[in-house]
Peer 1: 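The structure is given below, and queries will be raised subsequently.
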Amino acid sequence: MTNSEQARPKTDPERRGAGEGREDGESRATMNPLIAQIALGIVIGATVGALALYGMNHLSGNVSPRETAPAHQLAAPSDPAAPAAADGACAASAGRARALETFAKGELAALKLTVPPRPLPDLSFLDAAGRPVTLADLKGRVLLVNLWATWCVPCRKEMPELDHLEAALGGPDFQVVAINLDTRDPEKPRAFLRDTGVTHLAAFTDPKGQSFQALRSVGRGFGLPTTLLVDRDGCELGFLAGPAAWGGADAQALVKAALGADRAGRD
């Protein structure tokens with residue numbers, strides 16, 4: 001006899017008939033597996049929901065509990081087409097964004113183009129020497145801005161891809177701006193980049209999470225990694241929520257097209 005059979009309650013033959021006791025026992029035996037299945041379904045659903053927020057966690061201290069967005073806002077960001085009207089600052093960028101429509105495919109199928117383009121907040125972060133830098137300081141070249149953290153598993157896998165892209169196309173006209181959001185140990189992201197052979201990316205950091213908060217205020221900072229394609233005027237041409245193969249052929253074709261559209265806009 002198994003332990004489960006020993007623990008099963010017995011019916012009282014003086015109070016119930018043998019048939020009634022059997023029926024009650026069978027009913028309980030049928031109900032217990034059903035309850036277990038329902039409980040398992042709830043646990044699985046909750047787990048899948050948590051994993052859907054790719055690398056979101058709680059920004060490992062970058063955001064205070066009062067500032068954390070509700071779950072429905074994190075899981076359902078604003079429509080990339082929502083900023084409907086490009087202001088004067090980005091009016092010249094509209095053609096650049098449209099020129100990229102055929103490149104949101106393959107490994108970059110999740111890329112959402114921002115048509116019409118819109119200006120981004122002037123993100124603030126630090127360079128490798130701890131000096132303050134803003135997005136405006138980097139104007140004049142096409143940028144691929146990426147927010148990442150060492151505790152975000154998809155981010156960690158993505159960094160060598162971004163490093164490969166910077167090695168292939170980085171220069172006076174293009175730069176990958178990878179901003180680390182770790183808060184507690186400034187040596188940790190540096191050690192991670194060294195250990196993974198990332199040597200071409202500039203070591204930008206944002207231990208206060210200001211860049212994340214600024215992007216979240218315009219519907220872009222809702223999870224990690226977050227990547228934005230920005231033209232030389234500081235206008236958002238597109239964004240991608242989640243990881244991508246940025247070192248692959250599709251990403252290089254996208255950046256080259258953005259550079260071509262940028263040069264055409266200067267003529």
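For reference, positions follow the sequence shown, starting with 1.
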Peer 1: Can a salt bridge be assigned to the pair Glu236 and Lys112 using a cut-off of 4.0 Å between side-chain N and carboxylate O?
Peer 2: no
Peer 1: Donor-acceptor pair, distance only, cut-off 3.5 Å: does the side chain of Glu166 make one with the backbone of Val176?
Peer 2: yes
Peer 1: Is it true that Trp148 and Glu158 share a donor-acceptor pair across their side chains at a distance under 3.5 Å?
Peer 2: no
Peer 1: Do you know the tightest heavy-atom contact between Ser93 and Leu237?
Peer 2: O-CD2, 4.0 Å
Peer 1: Could you pull out the closest heavy-atom pair between Pro117 and Ala97, with the gap in Å?
Peer 2: CG-CB, 3.8 Å
Peer 1: Within this structure, what is the CD-CG distance for the pair Gln175 and Leu201, rounded to the nearest 0.5 Å?
Peer 2: 9.0 Å
Peer 1: Checking side-chain contact (heavy atoms from CB on, under 4.5 Å) for the pair Val177/Phe204: CA distance, chi angles, key distance, verdict?
Peer 2: CA-CA 7 Å; Val177 181; Phe204 294 118; 3.7 Å; yes
Peer 1: Is the backbone N or O of Pro189 less than 3.5 Å from a side-chain atom of Asn180, with the two atoms forming a donor-acceptor pair by type?
Peer 2: no
Peer 1: Between atom CG of Leu215 and atom CD1 of Ile179, what is the distance when rounded to the nearest 0.5 Å?
Peer 2: 7.5 Å
Peer 1: Donor-acceptor pair, Asp173 side chain versus Arg141 backbone, under 3.5 Å?
Peer 2: no
Peer 1: Would you say that Phe192 contacts Val198 through its side chain, given a criterion of any heavy-atom pair below 4.5 Å between the two side chains?
Peer 2: no
Peer 1: Give the cluster check for Leu147 versus Leu138: same hydrophobic cluster or not, with ILVMFWY residues linked at side-chain heavy-atom distances below 4.5 Å.
Peer 2: yes
Peer 1: Just by modelled atom types, is the Thr134 backbone N or O under 3.5 Å from a matching donor or acceptor in the Asp137 side chain?
Peer 2: yes
Peer 1: Hey, could you give me the CG/CG distance between Leu228 and Leu143, rounded to the nearest 0.5 Å?
Peer 2: 10.5 Å
Peer 1: Measuring only between side-chain heavy atoms, which start at C-beta, is Arg118 closer than 4.5 Å to Val218?
Peer 2: yes
Peer 1: Can you name the nearest heavy-atom pair linking Pro243 to Pro225, along with the distance?
Peer 2: N-CG, 3.6 Å
Peer 1: Taking Arg232 for the side chain and Lys139 for the main chain, is one N or O donor matched with an acceptor at less than 3.5 Å?
Peer 2: no
Peer 1: Given the rule in the side-chain contact (heavy atoms from CB on, under 4.5 Å) test, do Leu240 and Trp246 qualify, once you have shown the distances and angles that lead to the verdict?
Peer 2: CA-CA 11 Å; Leu240 196 152; Trp246 290 109; 4.1 Å; yes
Peer 1: Could you walk me through whether His164 and Gln252 pass side-chain contact (heavy atoms from CB on, under 4.5 Å), step by step?
Peer 2: CA-CA 10 Å; His164 183 76; Gln252 291 194 32; 3.8 Å; yes
Peer 1: Please answer whether the main-chain N or O of His200 pairs with a side-chain N or O of Asp163 as donor and acceptor at a distance below 3.5 Å.
Peer 2: yes
Peer 1: Apply the test side-chain contact (heavy atoms from CB on, under 4.5 Å) to residues Leu123 and Val145: give CA-CA distance (whole Å), side-chain angles for both, the deciding distance (0.1 Å), then the verdict.
Peer 2: CA-CA 10 Å; Leu123 308 184; Val145 180; 4.2 Å; yes
Peer 1: Which atoms form the tightest heavy-atom contact between Ala245 and Ala251, and what is the distance?
Peer 2: O-CB, 3.8 Å
Peer 1: Asp206 side chain to Leu181 main-chain N or O, any donor-acceptor pair under 3.5 Å?
Peer 2: no
Peer 1: Taking only Lys NZ, Arg NE, NH1 and NH2, and the carboxylate oxygens of Asp or Glu, determine whether Arg96 and Asp233 approach each other closer than 4.0 Å.
Peer 2: yes
Peer 1: If I take atom CG from residue Asp185 and atom CZ from residue Arg190, how far apart are they, to the nearest 0.5 angstrom?
Peer 2: 8.5 Å
Peer 1: In Å, rounded to the nearest 0.5 Å, how long is the span from CG of Leu165 to CG of Leu254?
Peer 2: 9.0 Å
Peer 1: Measuring only between side-chain heavy atoms, which start at C-beta, is Trp151 closer than 4.5 Å to Asp182?
Peer 2: yes
Peer 1: For residues Cys235 and Ala89, report the shortest heavy-atom separation together with the two atoms involved.
Peer 2: SG-O, 3.6 Å
Peer 1: Nearest 0.5 Å, please: how far is CG in Leu120 from OG1 in Thr114?
Peer 2: 8.0 Å
Peer 1: Do you know which of Val230, Leu169, Leu229 makes side chain to side chain contact (heavy atoms under 4.5 Å, CB included) with Leu144?
Peer 2: Leu229
Peer 1: Of all heavy-atom pairs between Ser124 and Gln210, which one has the smallest distance, and what is that distance?
Peer 2: OG-OE1, 3.8 Å
